[in-house]
Amino acid sequence: MKTSVQLGKGVEQLFGKFDENLKLLERSFDVSLHLSAEALEIEGADSNVRRATRLVEEYSELVEGGTRFEHADVQSFLRILTEDPNATLKGLTEAGRPRTFGKKTVSPKSLNQHRYVDAIERHDMVFGIGPSGTGKTYLAVAMAVDALQTKEVSRIILARPAVEAGERLGFLPGTLQEKVNPYLRPLYDALYDVLDPDRVERYLEKGIIEIAPIAFMRGRTLNDAFVILDEAQNTTSEQMKMFLTRLGFNSKAVITGDITQVDLPNGRRSGLIEAIEVVGKVEGISFVYFTERDVVRHSLVQRIIRAYEEYDNSKLESRDSRPETRNSKLETRG
């Protein structure tokens, strides 16, 4: 199938520098593009041509209607449209509208980030599970700040296990808060990126924002709060159950973690992995899973995560193919 799409004013942004987005469009939809002065010729399988045509036409319509796209937004939307045949550029533009939180404007950059933000808006408890760099914690903090500023909640509570410290906490200098602060630093970083430092300090002093190890949650009922548990893969089963049962009236909870990076001592099962099995089908709880394709850091991070996954898989395959491994399996069966 071959079709020709007339190009409207401002469509150059869609093509990108040196037509890099056109090349991405060709790879994403498996079509051939031929650009002339006033039209774009699209050739390929019928369904692919229709999807690519709809994208170009919607882009022209949105630009003529006053929508402005950043270069990074175009690439993010192209990636989402490739993954989800039912998605439309118009729908993504409306769903992924930029939100302003204090000094920062934030918008979802991938299909799963869209699902994640939507899940947080619609559900009282959301699990965001996937590799680092996918925006799980950052978006949760941004949504918490939004809920605080719009008075949907009266406080934000950010919790994190300090597993790496273990028994050695007592040997570190300073107060207990000073000892655990290094393990809570990523939460502070996200807050300072979204809000002005003065406002963050003021909220912290007044207790409107609280950042604490998960152990501080025991015995509390958290009403009218937006609660985030970060690095949840490093909670024990007991800690996870304790946290999930803290939720009070008019509150939201977001639990984030990467089940491939558990730092618990050998023999201790991750509370996050157990929670997936225990509450995975509980009504009112939403689970959003991220992959390396959702990484919004440097493009190298995506490739690094993929390389480690391939390396781990090759080690498993190599181990299973060793003669002693096969023999032990046979002996077990015998």
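Start at 1 with the first residue, then count along the sequence.
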Polar side chain donor-acceptor pair, Arg115 to Asn112, under 3.5 angstrom
yes
Just by distance, no angles: are the side chains of Glu274 and Ser237 close enough, under 3.5 Å, to form a donor-acceptor pair?
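Side-chain D/A pair, Glu274 to Ser237: present.
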To the closest 0.5 Å, what do you measure between [atom1] ([X]) and [atom2] ([Y])?
X      : Y      : atom1 : atom2 : result
Ile209 : Arg202 : CD1   : CZ    : 10.0 Å
Thr235 : Leu264 : OG1   : CG    : 7.0 Å
Leu191 : Ile156 : CG    : CD1   : 6.5 Å
Tyr116 : Thr134 : OH    : OG1   : 8.0 Å
Glu41  : Thr3   : CD    : OG1   : 8.5 Å
Leu229 : Ile255 : CG    : CD1   : 6.5 Å

Asp118 with Arg122: basic N within carboxylate O range, under 4.0 Å
yes
Does Glu61 come within less than 4.0 Å of Arg54, counting only side-chain N to carboxylate O?
no
Just say parallel, tilted or perpendicular for the rings of Tyr308 and Tyr311, cut-offs at 30° and 60°.
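Rings of Tyr308 and Tyr311: perpendicular, over 60°.
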So do the side chains of [X] and [Y] get within less than 4.5 Å of each other, counting heavy atoms only?
X      : Y      : answer
Gln239 : Met217 : no
Arg51  : Asp46  : no
Val126 : Ile285 : no
Met1   : Glu43  : no
Thr256 : Val254 : yes
Tyr138 : Asp193 : yes
Phe226 : Ile120 : yes
Leu244 : Met125 : yes

Does the salt bridge (charged side-chain N to carboxylate O under 4.0 Å, His left out) test come out yes or no for Glu201 and Lys206, once each step is laid out?
CA-CA 9 Å; Glu201 295 301 331; Lys206 293 182 177 180; over 6 Å; no
Considering non-hydrogen atoms only, spot the tightest contact between [X] and [Y] and give its length.
X      : Y      : result
Phe290 : Pro131 : O-CD, 3.5 Å
Glu231 : Arg160 : CG-NH2, 3.0 Å
Gly130 : Asp258 : O-CB, 3.2 Å
Gln261 : Asn234 : O-OD1, 3.9 Å
Thr150 : Ala147 : OG1-O, 3.4 Å
Leu25  : Val31  : O-CG2, 4.1 Å

Pair Arg155-Ile157, side-chain contact (heavy atoms from CB on, under 4.5 Å): steps then yes or no
CA-CA 7 Å; Arg155 56 181 173 154; Ile157 298 173; 3.9 Å; yes
Check: [X] side chain, [Y] main-chain N or O, donor-acceptor pair, under 3.5 Å:
X      : Y      : value
Arg246 : Met242 : yes
Ser154 : Asp224 : yes
Lys136 : Ile129 : no
Glu26  : Leu33  : yes
Asp124 : Lys252 : no
Ser251 : Phe249 : yes

Who pairs with Glu277 by salt bridge (Lys or Arg N to Asp or Glu O under 4.0 Å), at least two apart in sequence or on another chain?
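Glu277 satisfies salt bridge (Lys or Arg N to Asp or Glu O under 4.0 Å) with Arg269 only.
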Under the salt bridge (Lys or Arg N to Asp or Glu O under 4.0 Å) test, which residues partner Arg220, sequence neighbours left out?
Glu210
Chi angles and distances behind the side-chain contact (heavy atoms from CB on, under 4.5 Å) call for Phe216, Ile211:
CA-CA 10 Å; Phe216 288 21; Ile211 304 177; over 6 Å; no
In chain order, what residues pass the ring-ring contact (aromatic ring centres under 6.0 Å, His included) check against Phe243, with sequence neighbours excluded?
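So Phe243 forms no ring-ring contact (aromatic ring centres under 6.0 Å, His included) with any residue.
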Please report the C-alpha distance between Asn223 and Asn250 in whole Å, then the side-chain angles of each, then the deciding distance to 0.1 Å, and finally whether the side-chain contact (heavy atoms from CB on, under 4.5 Å) criterion is met.
CA-CA 6 Å; Asn223 294 318; Asn250 191 41; over 6 Å; no
Between Tyr188 and Leu158, does a side-chain contact (heavy atoms from CB on, under 4.5 Å) hold up when you go through it step by step?
CA-CA 9 Å; Tyr188 284 100; Leu158 309 175; over 6 Å; no
Are the aromatic rings of Tyr289 and Phe127 close, with centres under 6.0 Å apart?
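Here the rings of Phe127 and Tyr289 have centres that are no less than 6.0 Å from each other.
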Surrounding CD1 of Ile273 (heavy atoms of other residues, nucleotides or ligands, distance under 6.0 Å), is the total greater than 12?
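It does: Ile273 CD1 has more than 12 such atoms within range.
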